[in-house]
Participant: 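I'd like to ask some things about the structure below.
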Amino acid sequence: MSMPESNCAGNLPAPTTVVSLCVSTSPQARAKRKIAALVEEVENLKQEKAIKQRKTTYYVSQGRALRRMVVLYCPLEDLVAENDRRCKDSDGDHTIEQNCLQRGYIELSKTLPWFHEKLASLDFEESEDMLKQLKRGADSARGDDTGTLKELVASWVNIECRPPSFLRADDKHHRGFVNDACGKLLCPAEWCWEDPVVRAGIRDRTTAFIVSENSWPMFMYENYEADAKNLERGLFKSKLLVMGFKAIFTSPSSANEVDGDGDGIDIIENHRRARRRSDHAKVKTCVASIIGMRKVTPRAIAYAACQIRFALSNITSWRTVDGDFDYQLFWNNIVDFFEDPPGPAALARVNKLLEWWTRKVFGRNHRQDLTPDVILHISVNSLASQRQQMEDAAFDSN
DNA sequence: CGGGCAGCCATTGATAGTAT
DNA sequence: ATACTATCAATGGCTGCCCG
C-alpha cells in the first residue's frame, strides 16, 4: 500500500534544488497528489467494505432452522398457500399431500414462533422478500451440514465397517454402490448385500433390483441388520444415524460420544453454561439450542437420514433424485412413519422411539418441555390424523 | 494467550434457463 | 447456437467461545 508513495519520494529531486525546480516538477507533484487521492479512495473502499461485510440479516439466520426442522425441499410458499387455502374454506376434504403441507406449516410456526403474525403484517412484496431470505438461510445451512457430514461420514464408515480400502474424506466418487461398505449400508433392508446376485443386480440397476425410496436402507437399522419378517425392529436405531444427528444438531465432536446406552451429558452442561450468561445472543452453543430444539422431532430425524444417505452416495451435489431414489419422497416416508402411524399400537411404538432418541441425544436428565407448545391461531388440522387414529383404535377394539 | 472447535457468511464456480 | 442471467451448492475465511 505504501509502496507507490515511497517510490515517488525516491524520485523526487534533492532538497537543494527544490526551489529552482518547483515549476518543472509539477507533473510529479500532480502524480503524487493523484496517488494520494487514489490511496484515499482505496481506504474509503476498504472502510465501506468493512462496514458492508458481515451484515447479517435476521431472516437469513432465522431461516437456517427450516431445512433441519420443517421441510427438506418444499418451498415455503407452498406451506403458506396451503394454510391460506384452509383459512378460506375451513371445512372440506383435504388430500394427503395437503395434510402434509399443513403439518409443515404448523411445524414452521412452532420453529419460528414469530412467523405467522409477521407474515400477516406484511404486504405481498415484503413477504416475498422475507421468504426469499429465509430460504437463503435454509439452503446455506443445509449446504454447511452436507459439507461437514461428507468428511465425518467417511471417517465413521472407515471405523465402523473397516472397508478394505478406506473412504477418502474429500472425495465422493468412490462411494455409493460401487463401494462395498457404502453399498451394504445403502442396500435396502429386504435384500442381502452379501448375495452376489443382489450386489450385481443393484449395481447394474436391473429391474428386479431397483433401489427406491420405498425401502429402508440398511444404515438406518441397529447394528446394520434388519429382520425381514419384522422390518420395524431396530429401525431408526442405528449408530450411524444417531451420530449424524448429533453431528448436525449438537456438534460434530459430540457425535463421537455415541456408544452403548450412555447418554450425552455435555449438552446439559452446555445449556447450563448458556443460561449462566446474561446475553444469550453472544453465547455459542450447539445448533439444537440455537434453533430451540428441546426434543428430537420426526422431521429432524428425517433430515439427518437424508443427509447421511447423501453422504454415503456418490453424487457430488444436491439433487432430489439419485437414480431411482427420490430424497423428497424418502423424507416424506420417514415423516409419515412418525407422524401418521396406522394405529394406536404403532403410535405408542413411535412415541417410545422418539423418547429413546431424545434421551440418546440430549441425555437422561434433559427436560423437554420447558416451553409450552406454541398456541396456533391457524386452523389446526393435525386433527385429521388424530381422527384417523381414533378410527383405527375403534376398529381394533371391535 | 494461543490453539482448536463451531457456526456463520461472502465469495466463487458451476449449471440450468432464457433471450437474442 | 451463443451470450447473458439467475440460482445454487461448495469453499474458504472470519469470529467468538472454550480450555489448557
Side-chain angles (χ1 to χ4, degrees), chain A residues 45-69 71-77 111-112 128-156 168-173 175 243-258 264-293 300 303-304 306-311 313-322 327-328 331 361-362:
Chain A
L45 287 172
K46 262 193 192 167
Q47 275 183 5
E48 242 174 71
K49 201 183 172 192
I51 294 166
K52 234 187 230 170
Q53 76 184 12
R54 289 226 128 27
K55 53 160 189 200
T56 139
T57 65
Y58 179 72
Y59 293 142
V60 174
S61 61
Q62 287 284 301
R64 290 182 72 80
L66 296 181
R67 297 283 173 231
R68 292 163 171 161
M69 295 293 283
V71 282
L72 184 61
Y73 288 110
C74 170
L76 299 177
E77 286 84 350
T111 308
L112 307 179
E128 213 178 28
D129 190 50
M130 177 179 76
L131 291 178
K132 212 171 175 181
Q133 291 189 45
L134 285 173
K135 178 175 151 38
R136 202 150 62 83
D139 288 343
S140 84
R142 187 179 59 194
D144 287 345
D145 289 340
T146 331
T148 51
L149 280 185
K150 183 166 134 188
E151 282 185 29
L152 285 174
V153 168
S155 70
W156 295 338
R168 285 188 46 184
D170 57 340
D171 179 35
K172 291 193 73 184
H173 285 97
R175 302 187 196 179
M243 287 200 291
F245 191 98
K246 291 204 75 172
I248 295 167
F249 287 99
T250 58
S251 73
S253 59
S254 73
N256 297 323
E257 292 152 21
V258 183
I265 46 164
D266 55 325
I267 299 312
I268 298 166
E269 187 53 33
N270 265 354
H271 279 245
R272 203 171 294 147
R273 276 201 210 102
R275 227 173 293 134
R276 236 182 272 143
R277 301 255 167 181
S278 53
D279 76 345
H280 283 248
K282 286 266 170 114
V283 176
K284 286 268 180 185
T285 49
C286 62
V287 170
S289 40
I290 289 169
I291 65 184
M293 182 171 83
Y303 176 79
C306 287
Q307 285 281 8
I308 293 171
R309 170 75 172 63
F310 179 77
S313 78
N314 63 348
I315 49 175
T316 48
S317 80
W318 266 105
R319 250 174 293 152
T320 57
V321 179
D322 169 18
Y327 281 93
Q328 172 69 65
W331 187 89
V361 174
F362 293 102

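Naming: A, B, ... by sequence-line order, numbering from 1 per chain. Predicted model, so just to flag it, every value in this text is computed and none were measured.
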Participant: Check this one for me: any side-chain N or O of A:R64 less than 4.0 Å away from OP1 or OP2 of B:dC8?
Facilitator: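 Indeed, a polar side-chain atom of A:R64 lies that close.
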
Participant: With a 4.5 Å heavy-atom cut-off, do A:K132 and A:Y59 have their side chains touching?
Facilitator: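 No - every pair of side-chain heavy atoms lies 4.5 Å or more apart.
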
Participant: With 3.5 Å as the limit, what N/O pairs link the protein to nucleotides 8-11 of chain C?
Facilitator:
residue: C:dC8; atom: OP1; partner: A:K135; partner atom: NZ; Å: 3.4
residue: C:dA9; atom: OP1; partner: A:R142; partner atom: NH2; Å: 2.7
residue: C:dA10; atom: OP1; partner: A:T316; partner atom: O; Å: 2.8

Participant: Not counting sequence neighbours, which residues clear ring pair (Phe, Tyr, Trp, His ring centres under 6.0 Å) with A:F249? List them please.
Facilitator: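 Result, ring pair (Phe, Tyr, Trp, His ring centres under 6.0 Å) vs A:F249: A:F245.
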
Participant: Are the side chains of A:K150 and A:R175 in contact, using a 4.5 Å heavy-atom criterion?
Facilitator: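 Yes - at least one pair of side-chain heavy atoms lies under 4.5 Å apart.
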
Participant: Going by the rule side-chain hydrogen bond (donor to acceptor under 3.5 Å, both in side chains), which residues pair with A:S140 if we only count those two or more places apart in sequence or in a different chain?
Facilitator: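 Testing A:S140 for side-chain hydrogen bond (donor to acceptor under 3.5 Å, both in side chains), a comparison that skips the adjacent residues, returns A:R64.
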
Participant: Check A:R67 with A:D145, please: is the shortest side-chain N to carboxylate O separation under 4.0 Å?
Facilitator: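 No.
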
Participant: How many Å lie between CD on A:E151 and C1' on C:dG12, as a whole number?
Facilitator: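 Nearest whole value for this atom pair: 13 Å.
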
Participant: When the distance from CD of A:Q133 to P of B:dC8 is rounded to whole Å, what number comes out?
Facilitator: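 The answer, rounded to whole Å, is 16 Å.
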
